[in-house]
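Note that the numbering runs from 1 along the sequence shown for the chain. Read the numbers this way: they start at 1 and go in the same order the structure lists the ligands and their atoms. All values reported here derive from a predicted model rather than from experimental measurement.
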Amino acid sequence: MNEQATTAASNTSRMIEMRGLNKWYGDFHVLRDIYLEVERGERIVICGPSGSGKSTLIRCINHLEEFQKGDLTVGRLPMTRDIKRIEQIRRQVGMVFQHFNLFPHLTVLENCCISPIWVQKKPRQEAEAQAMQYLERVQIAEQALKYPGQLSGGQQQRVAIARSLCMHPDVMLFDEPTSALDPEMIKEVLDVMVELAHEGMTMLCVTHEMGFAKTVADRVIFMDQGQIIEENAPDRFFSDPQSERTQLFLSQILGH
Ligand SMILES: Nc1ncnc2c1ncn2[C@@H]1O[C@H](COP(=O)(O)OP(=O)(O)OP(=O)(O)O)[C@@H](O)[C@H]1O
Ligand SMILES: [Mg+2]
């Protein structure tokens, strides 16, 4: 392969690329010169102290936050302010939040069908059949006709994951998906995430579940004060953290 062909081939496997991303909230510089490349199928865990910019960083990927400087490409599409481009990019990106964000007035099944029907224009029957398949996969199909308020937190979060998968995303973003859950429900959600990772989904997960990071992450990224301070494969990251800030952070979260 010549050099041009090699570059083209390697670009097709790139899912996300951030080059010199900077964001301010007014005077507050929340993201500072972020460089991040994520290949298709890669699993990234992002951790760091509260307020370090983790949520802001991943929310830039589907334009829930705007950045002011730098470049971001998702699936080779450069992010712009053009609404059509934003929609193209959002179609590739699924997101799961800490607080599930399910529609309380819709059943589990309706929550999973609403975007396929209204955004993808799928016939209702097809959307429902697909939703049931994904609900099966997260082992909650028997709750399909219930409302979110009738489910436990762990069950609601699994519905939120199924709902995202119904849109066939190329990459999934998770923002502390287990941190609002009671301890006994954390595992059932992590199990679903681990399965997704093993199936080859590209994933960026903000989480402090270090067991999860050790099991599935290809890379762990540590952020502090709007910067990526350190990134490494999990075994190196945990056994030999390089910066003092990472060492301090790990001693705090692993210390209890
Ligand atoms: N809309 C906003 N306006 C102004 N400042 C904001 C806004 N959203 C977030 N911030 C600030 O930006 C910083 C980064 O916030 P962000 O939510 O990305 O942090 P985080 O690392 O996800 O923290 P946590 O672990 O608590 O979720 C924080 O100092 C926060 O107060
Ligand atoms: Mg956050």
Flag yes if more than 12 heavy atoms outside Glu244 fall under 6.0 Å of its CD atom; otherwise flag no. no

Record the part of Thr56 in heavy-atom contact with ligand 1 below 4.0 Å; permitted values are side chain, backbone, both and neither. both

Going by the order shown, which atoms of ligand 1 are within less than 4.0 Å of some heavy atom of Pro49? 21 (O)

Would you mind running through ligand 1 and noting each atom that sits below 4.0 Å from a heavy atom of Val30? 12 (O), 13 (C), 14 (C)

Below 4.0 Å, non-hydrogen atoms only: which portion of Glu176 touches ligand 1? Side chain, backbone, both or neither. side chain

Heavy atoms of other groups near Lys187 NZ, more than 12 under 6.0 Å: no

Ile221 side, atom CD1; Ile229 side, atom CD1 - distance, nearest 0.5 Å: 12.0 Å

Under 4.5 Å between side-chain heavy atoms, hopping through other hydrophobics if needed: is there a path connecting Leu145 to Val138? yes

Based purely on interatomic distance, does Gly53 place a nitrogen or oxygen under 3.5 Å from a nitrogen or oxygen of ligand 1? yes

From Ser55, does some N, O or S atom reach closer than 2.8 Å to the Mg ion (ligand 2)? yes

Would you check if there is a donor-acceptor pair between the side chains of Lys146 and Gln155 at a distance under 3.5 Å? no

So with a 6.0 Å cut-off around CD of Gln88, is the heavy-atom count from everything else above 12? yes

Name the closest protein heavy atom to atom 23 (O) of ligand 1, giving the residue it belongs to and the distance to 0.1 Å. Gly51 N, 2.8 Å

Of all the non-hydrogen atoms in the protein, which one sits nearest to atom 26 (O) of ligand 1, and at what distance? Ser50 OG, 2.6 Å

Short N-O contact, Arg81 and Glu66, less than 4.0 angstrom: yes

Member of Phe238, Phe237, Phe222 meeting the ring-ring contact (aromatic ring centres under 6.0 Å, His included) criterion with Phe249: Phe222

For atom 1 (N) of ligand 1, the protein heavy atom that lies nearest, with its residue and separation: Tyr25 CE2, 3.6 Å

Strictly under 4.0 Å, does any heavy atom of Gly226 approach an atom of ligand 1? no

Give the residue and atom name of whichever protein heavy atom lies nearest to atom 22 (O) of ligand 1, and the separation in Å to one decimal. Ser55 OG, 2.8 Å

Nearest protein heavy atom to atom 25 (O) of ligand 1, by residue and atom, and its distance? Lys54 NZ, 2.7 Å

Which distance, rounded to the nearest 0.5 Å, do you find between the CD1 of Ile228 and the NZ of Lys54? 12.5 Å

Which heavy atom of the protein is the closest neighbour of atom 30 (C) of ligand 1, given with residue, atom name and distance? Phe28 CE2, 4.7 Å

